[in-house]
Amino acid sequence: MSSVKERADLALNNDFLRKAVRFTTERLRDGKRKAADDHGNWEEWRERGRQIRLHTIAHLDYYLDRFAEQARANGAHVHFASTGAEAVQIALEVAARKEAHTVVKSKSMVSEELHINRALEEAGVEAVETDLGEYIIQLAGEAPSHIIIPAIHKNRYQIAQLLSREAGEELPPETSVLAGFVRRKLRAKFLEADIGMTGCNFAIAETGSIVLFENEGNARMVSTVPKTQITFMGMERIIPSWSDLEVMATLLPRSATGQKLTVYMSGITGPRRTADGDGPEEMHIIILDNGRSEQLGDPEFQELLNCIRCGACLNACPVYRHIGGHAYGGTYSGPIGAVLTPALNKNVAEWDDIASASSLCGACYEACPVKIPLHDMLVYLRRRKVEQGYGNKLETAGMKGFAAVTSNSKRFHRALKAGRVLQRVVVRNGEISARIGPLKGWNRYRVAPSLANQPFRERWDTLQHELRASVAQTVTGAAAQERMKAALHKRAARPIDRKEGHSYDE
Ligand code: SF4
């Protein structure tokens, strides 16, 4: 598998991708900012959201039990899967029992985590994505590159090419034509599907309901037309009650797309009842652990489970905006992916380099509607990597050397002196632009400042002197101002000829 650096290099050299990702993330980010401003009490609601998530995750065992009990009472089959493989196995068994030929799916990051499409296809079952973005990347044979906008890296010309291939005729790159083609194509699939597969935005513990947020109406079709429904749910999707959903329904769409409300919000409480007009006859809810429970009780990573998968941290991240989602290499990308993937997958050697794909600017934390300190977690991951011996040897040696030099003032001064002499070879106009050694990557896109000819400590005496002089001047200036004020006051206190002018009191 290639490294993050190699994948990022590929992305940086792909102008189409960079423009498409930048255009959409900036639009989403601005939309989110406006929606938060219009809301008026955004910070209070953000804190409320965080408190709900903290409380729920702290009592996850209780709320999961409650949810399962209620969902079963509603007639749903509830399964617990401790690994991805177990979840896939349960879904395949249901599909086999139902003799399913076609499965329609609505967008679900958990199902991406499970690679369920591949598993279904290997079992001879056709899996059809019905979210427009997911459908496009399924045709392209790619993975989603954004939690909310899976095909963010594609422009309409590339999409027209893909859909034309599927249509067997040339389709113009016009959004309405392309969407119209997909709508007609998918309608037939909804009607013929044996199973509908959904994810779960939130699961309500008090009633055993699952809640789906979407904008296209496809999730509603997936969860009402086929006779059997399978819902994949990360175990942390729980919230205690419908009143907590009010807070989440305020935070999620605003943070994801800048919408005040999602277009369709479906609450599903068990399979179809006798009096219901639609809905599946059989409903399976597969609750997935897959490494999540290992974060519980971990003071550094437990808050990861608070994530509501809004994607706002991706749109805010300067690194994601440049390299897109595929460079992260896992199902989840951006700052949340950089933390979640290594946290869920303990293979440090394989994944921890994505924690380096961050400038640690903290924009992700600022954007996050439930205030997850992702930037802190990225630092913990980097530390874990070094502690487990997977750090870059050169970097580790460099850091040790840096610590040895900066922890001793004599050594530090000597090193600076030597640096000032040695840098002469590479400094031009006060900047180091040479692409050598560790500066190679940095100087490809920017320049490093050179060491000052005279260090700050040597300038300190002169600076102090200048500072004192300037304070004295200010004091002199202040005294002159007082004198002028007094003179003016004296003049104003003189009786004024009303015919000639006005006193200050008027
Ligand atoms: S970490 Fe926060 S901002 Fe990022 S996807 Fe999760 S909830 Fe949204």
Side-chain angles (χ1 to χ4, degrees), residues 21 24-26 28-33 35-36 39 42-43 45-57 107-110 112-113 144-150 152 199-202 211 213 233-239 244-245 247-259 262 292 295 300-321 324-325 328 330-344 354-355 357-381:
V21 172
T24 310
T25 49
E26 283 179 2
L28 293 171
R29 194 185 47 171
D30 294 347
K32 187 238 157 187
R33 271 196 204 131
H39 181 273
W42 184 248
E43 285 308 315
W45 280 66
R46 223 177 139 216
E47 183 53 34
R48 181 82 190 111
R50 173 179 152 80
Q51 292 305 329
I52 291 171
R53 295 304 292 148
L54 285 173
H55 167 83
T56 313
I57 299 301
K107 199 169 90 52
S108 152
M109 290 309 289
V110 171
E112 293 292 338
E113 189 181 323
S145 66
H146 189 285
I147 294 178
I148 300 292
I149 320 276
I152 194 171
C200 167
N201 289 99
F202 296 104
V211 179
F213 285 38
M233 169 188 150
M235 66 191 293
E236 78 287 9
R237 298 288 94 210
I238 292 270
I239 50 174
D244 296 315
L245 183 71
V247 179
M248 297 304 156
T250 300
L251 294 174
L252 179 55
R254 280 176 170 84
S255 303
T257 52
Q259 291 168 280
T262 192
R292 288 163 172 80
Q295 315 313 317
E300 292 173 349
F301 291 104
Q302 178 164 315
E303 279 196 54
L304 256 188
L305 301 175
N306 293 357
C307 177
I308 58 171
R309 307 284 191 271
C310 70
C313 55
L314 280 66
N315 306 331
C317 176
V319 176
Y320 178 89
R321 289 209 307 275
Y328 290 81
T331 302
Y332 302 96
S333 57
I336 180 64
V339 182
L340 194 58
T341 309
L344 294 183
I354 61 174
S358 166
S359 61
L360 302 179
C361 64
C364 45
Y365 169 74
E366 293 298 327
C368 179
V370 287
K371 299 168 121 177
I372 301 176
L374 291 167
H375 55 310
D376 288 341
M377 295 178 183
L378 287 164
V379 176
Y380 303 145
L381 281 172

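Predicted, not measured: the structure shown is a model, and the values here were computed from it. Every heavy atom of this structure was used, including side-chain atoms; hydrogens, water molecules and symmetry mates were not. All residue numbers refer to positions in the sequence shown, counting from 1. Just follow the structure's listing: the first ligand is 1, and inside any ligand the first atom is 1.
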A.B. asks: For the pair E366 and R33, find out whether any cationic side-chain nitrogen is under 4.0 Å from an anionic carboxylate oxygen.
C.D. replies: no

A.B. asks: How far is atom 3 (S) of ligand 1 from its nearest protein heavy atom, and which residue and atom name does that atom have?
C.D. replies: C313 N, 3.3 Å

A.B. asks: How far is atom 7 (S) of ligand 1 from the closest protein heavy atom, and which atom is that?
C.D. replies: I308 N, 3.4 Å

A.B. asks: Atom CD1 of I152 and atom OG of S145: how far apart are they, to the nearest 0.5 Å?
C.D. replies: 6.0 Å

A.B. asks: Taking N, O or S atoms only and a limit of 2.8 Å, check whether C364 reaches atom 4 (Fe) of ligand 1.
C.D. replies: no

A.B. asks: Any non-hydrogen atom of S255 lying under 4.0 Å from ligand 1?
C.D. replies: no

A.B. asks: Among protein heavy atoms, which lies nearest atom 6 (Fe) of ligand 1, and at what distance?
C.D. replies: C307 SG, 2.3 Å

A.B. asks: Show me which atoms of ligand 1 lie under 4.0 Å from any heavy atom of L374.
C.D. replies: 1 (S)

A.B. asks: Please confirm whether G311 approaches ligand 1 to less than 4.0 Å, judged on its heavy atoms.
C.D. replies: yes

A.B. asks: May I ask you to list the atoms of ligand 1 that are less than 4.0 angstrom from any heavy atom of C310?
C.D. replies: 3 (S), 5 (S), 7 (S), 8 (Fe)

A.B. asks: State whether the side chain of R53 and the backbone N or O of L305 hold a donor-acceptor pair below 3.5 Å, judged by distance alone.
C.D. replies: yes

A.B. asks: Using the six-membered ring of Y365, assess whether NZ or CZ of R46 lies under 6.0 Å from its centre and within 45 degrees of the ring axis.
C.D. replies: yes

A.B. asks: Which is it for M377 and E300 under the side-chain contact (heavy atoms from CB on, under 4.5 Å) test, yes or no, and what are the steps along the way?
C.D. replies: CA-CA 7 Å; M377 295 178 183; E300 292 173 349; over 6 Å; no

A.B. asks: With distance as the sole test, does K32 use its side chain to make a donor-acceptor pair with the main-chain N or O of A367 at under 3.5 Å?
C.D. replies: yes

A.B. asks: Would you say atom 6 (Fe) of ligand 1 has C368 as a near neighbour, meaning an N/O/S atom of that residue under 2.8 Å away?
C.D. replies: no

A.B. asks: Applying side-chain hydrogen bond (donor to acceptor under 3.5 Å, both in side chains), run through Y332 and E112 and close with a yes or a no.
C.D. replies: CA-CA 9 Å; Y332 302 96; E112 293 292 338; over 6 Å; no

